[in-house]
Amino acid sequence: MRKIDLNCDLGESFGVYRIGADREIMEYVSSVNIACGFHAGDPSVMRRTVEMAVECGVAIGAHPGLHDLEGFGRRELRVSMRETEDLIIYQIGALDAFARASGARLAHVKPHGALYNMIARDPNLARAAATAVKAVDPGLLLYLPAGSEAVTIARELGVTVIEEGFADRAYLPDGSLAPRSREDALISDPEEAGRRAVLMAAEGKVRCVDGTVLALQIGTICIHGDQANAAGFAAAIAEALHNAEFSIVSPGSAVSAVSAVSAGKAAASAIKQ
């Protein structure tokens, strides 16, 4: 079977606030990006989420964001190259400690929200992000927007990049994500998200809001864990990929996080519920 990584942003609860269905989603994905306390998450949530990831056998990644808990890291803040390096290194270090305490290791880093978009647009911030990841561990993978200049910059600096696509977000013709202020920014139908995931994985294509189709080399597909019915989206996308004869596997892994058989059964069970 062909292989594709399916990742999800998780561990975004904090304090008394509970966000997402992390444990249920882990049944369908191969990689998780765990919030590191800046845009969401807290020490206890980070530890519990890492422990769940270890239990489920999914690859663990740090999900560093801007220091903006009130705005969930989705508001752009002005940061310098050095500040970007520092906040990424700090957050990787925090999650790495919890991973090591659970007998695991980090596999990748994926910037969050506004920081992710800023890195995609600004070559200096892209360079800072890649430099930070390489400084902590040259073996860490860096998830970046497929087709962005940030991908080229990171690779030039010797960082291994996995180009990412989004099954639950709409795209603009320039390859960027549609702003969340647009009514059509989010994909609300799980089955449509599944079709988009298969198009990305099988053909390396993304259909944009104006009907145009972009060719992108996508190595991982993201689901947002904070959206409504995130577990249902994960189930539908896993089922669609399975039906298209894809095995859901984290990058570099020889073992599928969701076998072809269990993906179909799990997805069908979730849909019935």
Side-chain angles (χ1 to χ4, degrees), residues 1-10 24-33 53 56-61 105-110 139-148 150-152 154-155 159-171 175 177 187 189-208 212-225 230-271:
M1 296 183 76
R2 295 173 291 181
K3 299 177 182 179
I4 188 69
D5 180 44
L6 185 60
N7 77 77
C8 189
D9 305 337
L10 298 177
E24 292 88 339
I25 291 170
M26 287 187 193
E27 296 294 329
Y28 305 105
V29 302
S30 46
S31 301
V32 293
N33 321 306
C56 294
V58 296
I60 300 170
R105 296 184 61 183
L106 295 188
H108 67 277
V109 176
K110 176 192 166 179
L140 287 172
L141 305 176
L142 179 57
Y143 287 17
L144 291 172
S148 67
V151 172
T152 301
R155 286 175 174 160
V159 176
T160 302
V161 175
I162 306 298
E163 297 188 60
E164 182 176 44
F166 292 81
D168 56 7
R169 290 292 309 278
Y171 277 82
L177 295 177
I187 306 304
D189 179 6
E191 292 187 1
E192 173 60 20
R195 289 190 289 270
R196 287 171 175 259
V198 171
L199 184 64
M200 292 178 189
E203 301 183 37
K205 294 179 179 178
V206 172
R207 194 173 302 281
C208 303
T212 59
V213 176
L214 291 177
L216 297 173
Q217 295 183 349
I218 293 173
T220 185
I221 297 172
C222 178
I223 308 167
H224 287 89
F233 268 79
I237 291 170
E239 182 182 36
L241 290 169
H242 163 65
N243 289 339
E245 299 187 341
F246 277 91
S247 181
I248 299 174
V249 183
S250 60
S253 172
V255 180
S256 172
V258 183
S259 70
V261 175
S262 64
K265 290 182 178 179
S269 174
I271 291 171

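Rounding to the nearest 0.5 Å gives a distance of 12.0 Å between CG of Leu6 and CZ of Phe246. Between the CG atom in Leu142 and the NE2 atom in His108 there is a gap of 10.0 Å [rounded to 0.5 Å]. Atom CG of Asp9 sits about 5.0 Å away from atom CG of Asn33, to the nearest 0.5 Å. Distance check: Asn7 CG to Ile162 CD1 gives 10.5 Å after rounding to the nearest 0.5 Å.
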- Given Tyr143 and Cys222, is the side chain to side chain contact (heavy atoms under 4.5 Å, CB included) satisfied, shown in steps? CA-CA 10 Å; Tyr143 287 17; Cys222 178; over 6 Å; no
- Task: May I have the step-by-step check of side chain to side chain contact (heavy atoms under 4.5 Å, CB included) for Ile25 and Leu10, ending in yes or no?
- Result: CA-CA 9 Å; Ile25 291 170; Leu10 298 177; 3.9 Å; yes
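The side chain to side chain contact (heavy atoms under 4.5 Å, CB included) search around Thr152 returns Glu156, not counting sequence neighbours. Not counting sequence neighbours, the partners of Ala53 by the side chain to side chain contact (heavy atoms under 4.5 Å, CB included) test are Met26, Val32, Val58, Ile60. For Glu192, the side chain to side chain donor-acceptor pair (under 3.5 Å) partners are Arg195, Arg196, not counting sequence neighbours. By the side chain to side chain contact (heavy atoms under 4.5 Å, CB included) test, Ala146 pairs with Glu163, Leu216, Ile218, sequence neighbours left out. In this structure, Thr160 has no side chain to side chain donor-acceptor pair (under 3.5 Å) partners at least two apart in sequence or on a different chain. Partners of Arg169 according to the side chain to side chain contact (heavy atoms under 4.5 Å, CB included) rule, which considers only residues two or more places apart in sequence or in another chain, are Phe166, Leu177, Arg180, Ala185, Leu186, His224.
Annotation for Gly165 and Tyr171: closest pair CA-OH, 3.3 Å, computed over non-hydrogen atoms. Minimum interatomic distance between Ala244 and Val198 (heavy atoms only, all atoms of both residues): CB-CG1, 3.8 Å. Contact between Ser31 and Ser250 at its shortest, heavy atoms only, is OG-CB, 3.5 Å. The heavy-atom pair separating Tyr28 from Ala231 by the smallest distance is CE1-O, 4.1 Å. Closest approach of Ala154 and Leu144 over heavy atoms only: CB-CD1, 4.0 Å. Annotation for Ile4 and Ser30: closest pair O-OG, 4.4 Å, computed over non-hydrogen atoms.
Residue-environment remark: CZ (Arg2) exceeds the threshold of 12 foreign heavy atoms within 6.0 Å. Open room surrounds CD on Gln217; 12 or fewer heavy atoms of other groups in view lie less than 6.0 Å from it.
Put simply, the side chain of Ser247 never gets that close to the backbone of Lys3: no donor and acceptor are under 3.5 Å apart.
Counted by atom type alone, Asp5 and Thr220 present one or more donor-acceptor pairs between their side chains at under 3.5 Å.
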